[in-house]
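Taking it in order: structure first as structure tokens, then the write-up.
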Protein chains: 2
Amino acid sequence: MNASRSSAAVEDYLERILELINTKGYARVVDIATSLGISQASVTNMVQRLDAEALLKYEKYRGMVLTTAGETLARNIARRHQLLTDFLKLLGLDERVIEHDVEGMEHHISPSTLRAIEALTAQLKRRPALLARLSKQRGAVS
Amino acid sequence: MNASRSSAAVEDYLERILELINTKGYARVVDIATSLGISQASVTNMVQRLDAEALLKYEKYRGMVLTTAGETLARNIARRHQLLTDFLKLLGLDERVIEHDVEGMEHHISPSTLRAIEALTAQLKRRPALLARLSKQRGAVS
DNA sequence: TAATTAAGTTAGCCATGCCTAACTTGAACT
DNA sequence: AGTTCAAGTTAGGCATGGCTAACTTAATTA
């Protein structure tokens with residue numbers, strides 16, 4: 001009934017589930033739990049909720065498949081994550097920092113802001129001199 | 001005892017409290033509540049917690065003052081907020097979108113990422129041609 | 001087929017941060 | 001001094017999203 005707004009938690013789950021399906025072909029409760037660093041019980045709970053919200057189809061003890069809505073949403077989330085990561089990489093930041101910051105920020109970026117960052121990233125990629133100056137300016141450290 | 005990590009909520013409160021003190025000279029529970037769009041009861045609660053965490057000194061029914069630690073923290077939060085806002089403004093985004101996104105993202109940006117964005121902003125300010133191209137590239141709309 | 005065990009589920013609990021309703025405090029005015 | 005009322009506080013509750021402990025399911029293997 002409620003197709004309102006996905007919470008950060010929902011987005012995190014969908015992102016990992018899609019990733020697992022893409023790499024392993026399926027997403028198990030135990031793998032989602034490990035990947036997110038939380039308990040299996042928490043995953044079971046959320047997966048049942050995602051089923052109720054029609055973002056995936058879940059059969060107890062069996063497995064899950066993303067619905068069309070769920071897959072579309074998950075793809076958008078993954079794309080946003082990738083774009084933000086690319087942008088921060090361009091700025092020469094440390095991998096760990098990038099991962100941490102992207103995981104925090106990604107749930108709060110509007111489509112228009114994302115488009116702007118995407119365009120900026122594209123422009124920056126053509127200006128290595130500018131990027132070099134950036135690194136120098138702040139000490140070349142992440 | 002616990003100088004660990006501030007939650008997003010704590011940061012939001014400190015930011016508003018500093019702002020109120022800067023503009024009105026003092027921060028009252030009712031003003032903080034209005035400014036954050038939450039109930040007075042919630043504010044009372046948090047203010048007592050911030051007192052316990054030594055980020056401010058609070059006397060019931062009287063008033064509050066930021067401690068040195070609290071003020072330093074608040075200033076850093078405000079600065080981060082300003083830098084992010086400046087950056088997004090440069091990209092030509094809508095004010096509302098900027099406010100929304102900054103409020104969401106600000107709690108998740110590492111110091112190093114902030115420095116990088118600061119340096120990038122400084123460079124971009126000198127390249128209006130690049131910024132113009134950006135707007136054209138994505139349709140000139142926010 | 002029976003036993004073992006990894007995977008999954010359920011029940012009940014906790015912290016955070018919000019809420020409303022009801023009560024208290026203190027400032028301001030008569 | 002007493003009344004009034006805005007500001008502040010307290011109590012109790014709710015949603016989200018975690019947790020552990022105990023139980024169930026199903027796959028594997030002897």
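Quick note: numbers below take in every heavy atom, side chains included, and nothing from hydrogens, waters or symmetry partners. The structure displayed is predicted, hence computed values, not measured ones. Each chain gets a letter, A, B and so on, in the order its sequence line appears, and its residues count up from 1.
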By nearest atom, which of the nucleotides [options] is closest to the [X] side chain?
{"X": "B:Arg62", "options": "D:dG17, C:dA27, C:dA11", "value": "C:dA27"}
{"X": "B:Ser39", "options": "C:dC19, D:dG8, C:dC18", "value": "C:dC19"}
{"X": "A:Tyr13", "options": "C:dG8, D:dA11, D:dG18", "value": "D:dG18"}
{"X": "B:Val29", "options": "D:dG8, D:dG17, C:dT9", "value": "D:dG8"}
{"X": "B:Gln40", "options": "D:dT20, D:dG18, D:dT9", "value": "D:dT9"}

With DNA chain D as reference, determine whether A:Asp12 or B:Tyr61 sits nearer its 5' end, using the nearest nucleotide of each.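 Checking each residue's closest nucleotide, the 5'-ward one belongs to B:Tyr61.
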Counting only side-chain N and O atoms of [X], is one of them less than 4.0 Å from OP1 or OP2 of [N]?
{"X": "A:Ser7", "N": "D:dG17", "value": "yes"}
{"X": "A:Ser42", "N": "D:dC19", "value": "yes"}
{"X": "B:Gln48", "N": "D:dT10", "value": "yes"}

In whole Å, I'd like the distance from the [atom1] atom of [X] to the [atom2] atom of [N].
{"X": "A:Glu11", "N": "D:dG17", "atom1": "CD", "atom2": "C1'", "result": "15 Å"}
{"X": "A:Arg28", "N": "C:dT9", "atom1": "CZ", "atom2": "C1'", "result": "16 Å"}
{"X": "A:Leu50", "N": "D:dG17", "atom1": "CG", "atom2": "P", "result": "10 Å"}
{"X": "B:Asn45", "N": "D:dT9", "atom1": "CG", "atom2": "P", "result": "10 Å"}
{"X": "B:Met46", "N": "C:dA15", "atom1": "CE", "atom2": "P", "result": "16 Å"}
{"X": "A:Ile38", "N": "D:dC19", "atom1": "CD1", "atom2": "C1'", "result": "10 Å"}
{"X": "A:Met64", "N": "C:dA7", "atom1": "CE", "atom2": "P", "result": "14 Å"}
{"X": "B:Ile32", "N": "C:dC18", "atom1": "CD1", "atom2": "P", "result": "12 Å"}

From [X] [atom1] over to [Y] [atom2], what is the distance, rounded to the nearest 0.5 angstrom?
{"X": "B:Thr72", "Y": "B:Ile77", "atom1": "OG1", "atom2": "CD1", "value": "10.5 Å"}
{"X": "A:Gln40", "Y": "A:Ile32", "atom1": "CD", "atom2": "CD1", "value": "10.0 Å"}
{"X": "A:His100", "Y": "B:His108", "atom1": "NE2", "atom2": "NE2", "value": "8.5 Å"}

Residues that, via side-chain heavy atoms closer than 4.5 angstrom, fall in one hydrophobic cluster with A:Tyr61: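 Result for A:Tyr61 is none, singleton.
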Does one side chain, of B:Ser110 or B:Thr113, offer a donor that lies under 3.5 Å from an acceptor on the other?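 Per modelled atom types, B:Ser110 and B:Thr113 side chains form no pair under 3.5 Å.
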On DNA chain C, nearest-nucleotide positions of B:Gly37 versus A:Lys60: which is more 5'?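 Comparing both residues, the 5'-ward one is A:Lys60.
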